[in-house]
Amino acid sequence: MYKRLGLDFFIQQNVAVLASSLLGKVLCTKQKGLFTSAMIVETEAYQGPEDKGSHAFRNRRTQRTETMFNRGGFAYVYLCYGIHHLFNVVTGPEDVPHAVLIRAIQPIEGVELMMKRRKMLKILPKLTAGPGTLSQALGITTAMTGTDMLSPDSPVWIEDRQYQIEPEQIMSGPRIGIDYAADWIDRPLRFWIKDSIWVSRQR
DNA sequence: CACGGGATCGTCT
DNA sequence: GACGATCCCGTGT
């Protein structure tokens, strides 16, 4: 079996560095014996209390955001537009509500299952390009929010399979869909693998 | 290819 | 009661 990312990885304080480090790691799910895996190719960092784009801006604690205040390694999944389940990794130490949104992945195992879940007949980038579509492909829902990915029996986790992503392959730019976030709009907190056909938007 | 709108509902005001 | 860290499909060029 492959090694899961551990606490030392997830509690790193610099969420931007952590978000770029997640590129090349492998997101896995297993439910009812059904296994899927995919390499992370696009992420966005949300810098907790200081970040106007974050749900936890100004340390806002609500029933929804409460899980973001856990130590790193928990899953934060929320419903967007009433339809899409967006998957985040909580990062940093306890009470620091940083999170990384996974925006796109490259399928590895369980591709047929992903296609079935997405109601697609061909393998195309739109199978997993975009935070809503990748959750559908992996079977991730809001029911998984608050689960500890460091727990051996969690339905979702992240592995290190030693895929090497060279620094020059890592691109960065503004995040998507947070036009309301004022001076945080233009910060380069989105990261993706250069020339990957699996990212949600090229740039 | 660029846009424009509809879907759909939990969450917060 | 308004809106969103999105996606898909339709229309027009």
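Chain identifiers are assigned alphabetically (A, B, ...) following the order of the sequence lines, protein sequences preceding nucleic acid strands; residue numbering begins at 1 within each chain. Just so it is clear, the structure is predicted and the values come from calculations on it, not from any experiment.
- In this model, the phosphate group of C:dT6 is approached by a side-chain N or O of A:R103 to a distance below 4.0 Å at OP1 or OP2.
- Using a 4.0 Å heavy-atom distance criterion, A:R175 is classed as making no nucleic acid contact.
- Ion pairing of A:K3 with A:E159 is absent here, as no side-chain N (NZ or NE/NH1/NH2) approaches a carboxylate O to less than 4.0 Å.
- The side chain of A:Y78 sits closest to C:dA5 out of C:dA5, B:dG10, B:dT11.
- Put simply, the side chain of A:H55 and the base of C:dA5 share a donor and an acceptor less than 3.5 Å apart.
- Atom CG in A:L86 sits about 11 Å away from atom C1' in C:dC7, given to the nearest Å.
- Within 4.0 Å (heavy atoms only), A:L101 reaches at least one base atom of the nucleic acid.
- Closest to the A:L79 side chain, of the nucleotides B:dG10, B:dC12, C:dA5, is B:dG10.
- If you take CD1 on A:I108 and OG1 on A:T36, they are separated by 10.5 Å, rounding to the nearest 0.5 Å.
- Using a 4.0 Å cut-off between charged side-chain N and carboxylate O, A:E109 and A:R161 make a salt bridge.
- Put simply, OH on A:Y76 is 9 Å from P on C:dA5, counting in whole angstrom units.
- Going from atom CD of A:E66 over to atom P of B:dC12 covers 11 Å, rounded to whole Å.
- Nucleotide C:dC3 holds its P atom 18 Å from the CD1 atom of A:I178, rounded to whole Å.
- Protein atom CG of A:L124 is 15 Å distant from nucleotide atom C1' of C:dC7, rounded to whole Å.
- Aromatic ring centres of A:Y46 and A:H98: separated by at least 6.0 Å.
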Report task. Give the intermediate values and the outcome of side-chain hydrogen bond (donor to acceptor under 3.5 Å, both in side chains) for residues A:R118 and A:Q136. Result -> CA-CA 6 Å; A:R118 294 275 296 127; A:Q136 189 180 18; 2.7 Å; yes
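- For the pair A:N59 CG and B:dC12 P, the interatomic distance rounds to 15 Å; values are reported in whole Å.
- Nearest to the side chain of A:Y81, among B:dT11, C:dG4, C:dA5, sits C:dG4.
- An aromatic stack links A:Y46 and the base of C:dA5, using centre distance under 5.5 Å and interplanar angle under 30°.
- Residue contacts shown for A:I83 include a base, since a base heavy atom lies under 4.0 Å away.
- Side chain of A:T65, nearest nucleotide from B:dC12, C:dC7, C:dG4: B:dC12.
- Residue A:G53 is classed as a base contact, given a heavy-atom separation below 4.0 Å to a base.
- Regarding A:L134, its CG atom lies at a distance of 12 Å from the P atom of C:dC8, rounded to whole Å.
- Across every strand in view, C:dC8 sits in a pair with B:dG5 that passes the Watson-Crick or G-U test at under 3.5 angstrom.
- Ion pairing between a basic and an acidic side chain is recognised when a charged N comes within 4.0 Å of a carboxylate O; A:D186 and A:R175 show no such pairing.
- Separating the CD atom of A:Q63 from the P atom of B:dT11 is a distance of 7 Å, rounded to the nearest angstrom.
- Here A:T133 lies in heavy-atom contact (under 4.0 Å) with sugar-phosphate atoms only.
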